[in-house]
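Below: one structure, written as structure tokens.
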Amino acid sequence: MRAARVLDWRRRLITQEERWSTRLVRFAFEGISCLGSAEVAFPSPMTLITGPNGVGKSTLLRALWATLDPAAAQPIALDDRKLAAGRAVAEIAVGEQKSAAEIEFRSDEIQVLSTTDVTVTYINSSSDALRHQAQFCRFSATDDITNGYASRELKPEDLAEINYILKRDYRSIILYEVELDGEAPFFEVTYGDDRYDSRTMGAGEISALHIWWKLSRAEEQSILLIEEPEAFLSHACQQTVIDFIVSECVQKRICTVISSHSAPIISSLPKNSLQFLSRGQGGLEFVGDDPPPLLLKSVGIDPPIKAVAFVEDHAAKAFCRGALERLSPTLARKVAIDVRSGEGEITKALRLTAGFDLPIRFIGIYDGDREGDIPEDVVTTSTFLPGGRPIEEIFRDLLQSKLDEFEAISGTKNLRAIMNSLEGANIHDWYEEIAREIGLSKSQIFPILFSLWMNEAVNAVAAMALLERILALVDPD
């Protein structure tokens, strides 16, 4: 599976959504232990539910499974005390037609209130594959397992898929589909000079093969639910297994919901495919697709620095940092901000870093009064702070107009008298004197002023426009 092909599969999740005729619209539940009451929407054909351990990802996915396919899910649901009470409804769209499946969880059964005709495949490779392996291991001879079942040697293209997923070089794989507590795959593989079968495979190996088998049988335009596909797999194979899942789901137009806390899997999917969970007082809370960096860190994602932004002074740094933290915490962790002491130094830094093929981008963020004066050779990697004036002047005027609010937030007194005594002072000296008199540093004053500035609706719009320009410079693709 070539890298360019993988990127194309992911792109289609965004650009070809209309080709999925079967879609999950929403899933709502109430009164479910550990989950509480909430509703989740599915804006993408592939949705990944993630969050820290214990937040309820698996319970949520199983509740969705039980709603869509209660007959298949009931044995597992009845063993899960978290699904002993509550109600749930899943709304499905097939073309222009919508329908809903609704159930009520009881301690001894799932009460079906309404159903849909959609076909559902549920994959829990970490339990199913190992359970099958334990059952196979009761037989000492292969013939006792495969007798009466047809064998099928996998085609070269299937073998190539499996080799890609597991990063192995199997020479051949023979598949039997046998009856255990349901239909199950039994594999015989040739790897180098070794020949072995499902009974002696490693946990990651048999889990990945189980996922491949289930996906190869999944119907087109159906619904697929996958619980933690990363189980027992190395980081490298977690990446390749999600590549394979995406490719199959795009080709077959399968609407897919995955639960996972794998950083390689989460990081590889488009932003609108992600649903981050946290634990609230009443149960689950959906954080959205732009979660706090600390939540990302809890699932093993620490965004790398993607860009260095050069700014004129510390006020500009505080402004940019405040805008990023307020409007896009994830992007804030990807952008380092460097003070260059004036617009000339920004231009110099951009010229020094131009023309190099580096994994980090370098951008300039000039004060608003510089728009139209920037050399042409750095304009394409630059943007401007809003307001049309140096940000320190904007902050000074803001402070003068919002003295009472600033005093209430900062706990300072006599600020008006202090400011009156500083009339006519140089803008930089003005801030130094203010900081010294009220016992706060400039780095403490500027964030307060930024918050006051953001309270104005027109300023919030300007800050969002700045964020969009920064994002376009950081990630133009």
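These numbers come from the heavy atoms of this one structure, side chains and all, not from hydrogens, waters or symmetry mates. Owing to the predicted nature of the structure, the values given are computational and were not obtained by experimental measurement.
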Worked verdict on Ser216 versus Asp158 for side-chain contact (heavy atoms from CB on, under 4.5 Å) | CA-CA 9 Å; Ser216 69; Asp158 295 332; over 6 Å; no
Go through Leu60 and Phe27 one step at a time and tell me if the side-chain contact (heavy atoms from CB on, under 4.5 Å) criterion holds.
-> CA-CA 10 Å; Leu60 176 62; Phe27 178 55; 3.7 Å; yes
Please lay out, stage by stage, how Val189 and Met201 fare under the test side-chain contact (heavy atoms from CB on, under 4.5 Å).
-> CA-CA 10 Å; Val189 305; Met201 288 179 178; 3.6 Å; yes
What's the verdict on side chain to side chain donor-acceptor pair (under 3.5 Å) for Thr47 and Gln275, showing C-alpha distance, side-chain angles and the deciding distance?
-> CA-CA 7 Å; Thr47 301; Gln275 287 278 5; over 6 Å; no
Given the rule in the side-chain contact (heavy atoms from CB on, under 4.5 Å) test, do Thr59 and Cys34 qualify, once you have shown the distances and angles that lead to the verdict?
-> CA-CA 8 Å; Thr59 303; Cys34 298; 5.5 Å; no
Phe244/Tyr164 under ring pair (Phe, Tyr, Trp, His ring centres under 6.0 Å): CA gap, chis, key distance, verdict = CA-CA 9 Å; Phe244 171 68; Tyr164 174 81; 8.7 Å; no
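For the 3.5 Å distance criterion, the side chains of Thr240 and Asp243 fail to qualify, holding no donor opposite an acceptor. Defined by atom type and a distance below 3.5 Å, a donor-acceptor pair is present between the side-chain atoms of Ser262 and Gln238. With hydrogens and angles left out, the side-chain atoms of Glu230 and Ser260 include a donor and acceptor closer than 3.5 Å. Counted by atom type alone, Glu177 and Trp213 present one or more donor-acceptor pairs between their side chains at under 3.5 Å. Side-chain atoms of Ser259 and Glu227 form no donor-acceptor pair, as typed in the model, at a separation below 3.5 Å. A donor atom on one side chain and an acceptor atom on the other are found under 3.5 Å apart for Ser172 and Thr190. In summary, the side chains of Thr142 and Arg199 do present a donor paired with an acceptor at a separation below 3.5 Å, with no hydrogens or angles considered. Side-chain N/O atoms of Thr119 and Ser222 include no donor and acceptor closer than 3.5 Å. Between the side chains of Tyr191 and Glu205, no donor-acceptor pair of N or O atoms lies under 3.5 Å.
Judged by distance alone, the side chain of Gln74 and the main-chain N or O of Ile110 form a donor-acceptor pair under 3.5 Å. Remark: the backbone N or O of Phe187 is paired with a side-chain donor or acceptor of Ser198 at under 3.5 angstrom.
Rounded to the nearest 0.5 Å, atoms OG1 (Thr22) and CD (Gln97) are 12.0 Å apart. Between His132 atom NE2 and Ser125 atom OG the span is 11.5 Å, to the nearest 0.5 Å. Atom OG in Ser44 sits 11.0 Å away from atom CG in Leu24 (nearest 0.5 Å). With values rounded to the nearest 0.5 angstrom, Ser273 atom OG is found 5.5 Å from Leu13 atom CG. The CG atom of Asn124 lies 7.5 Å from the OG atom of Ser58; values are rounded to the nearest 0.5 Å. One distance of note links CD1 of Ile337 with CD1 of Ile470; it measures 7.0 Å at 0.5 Å rounding.
By the neighbour-count criterion of 12 heavy atoms within 6.0 Å, atom CD of Glu18 is densely surrounded, having more than that number from other residues, nucleotides or ligands. Atom CG of Asp144 has more than 12 heavy atoms from other residues, nucleotides or ligands within 6.0 Å. At most 12 heavy atoms of other shown residues, nucleotides or ligands fall within 6.0 angstrom of atom NE2 in His314.
Considering only heavy atoms from C-beta on, Glu188 comes within 4.5 Å of Arg195 through its side chain. In this structure, the side chains of Val246 and Met46 come closer than 4.5 Å at one or more pairs of heavy atoms. For the pair Val311 and Cys320, the minimum side-chain heavy-atom distance is below 4.5 Å. Between Ile258 and Ile242, the closest side-chain pair of non-hydrogen atoms falls below 4.5 Å. Proximity of Pro185 to Leu209: side-chain heavy atoms (C-beta onward) are nowhere separated by under 4.5 Å. Within the 4.5 Å cutoff, side-chain heavy atoms of Asp181 are placed close to those of Arg131. You'll find the side chain of Val89 stays beyond 4.5 Å of the side chain of Leu113, heavy atoms only.
Using a 4.0 Å cut-off between charged side-chain N and carboxylate O, Arg333 and Glu325 make a salt bridge. Ion pairing between a basic and an acidic side chain is recognised when a charged N comes within 4.0 Å of a carboxylate O; Glu161 and Lys155 show no such pairing. Remark: Glu104 engages Arg106 in a salt bridge, criterion side-chain N to carboxylate O under 4.0 Å.
Note on ring orientation: taking the six-membered ring where Trp is involved, the planes of Phe319 and Phe450 are perpendicular (angle over 60°, cut-offs 30° and 60°). Ring planes of Phe136 and Phe186: perpendicular class, angle over 60° (limits at 30 and 60°).
Closest non-hydrogen pair, Cys237 versus Lys167, comes out as SG-CG, 4.4 Å. Between Ile32 and Arg87, the closest heavy-atom pair is CD1-O, 4.1 Å. Summarising the geometry of Ala316 relative to Ile391, their closest heavy-atom pair is N-CG2, 3.5 Å, with the distance given to 0.1 Å.
Both tests pass for Arg5 against the ring of Trp9: distance under 6.0 Å to the centre and angle within 45° of the axis.
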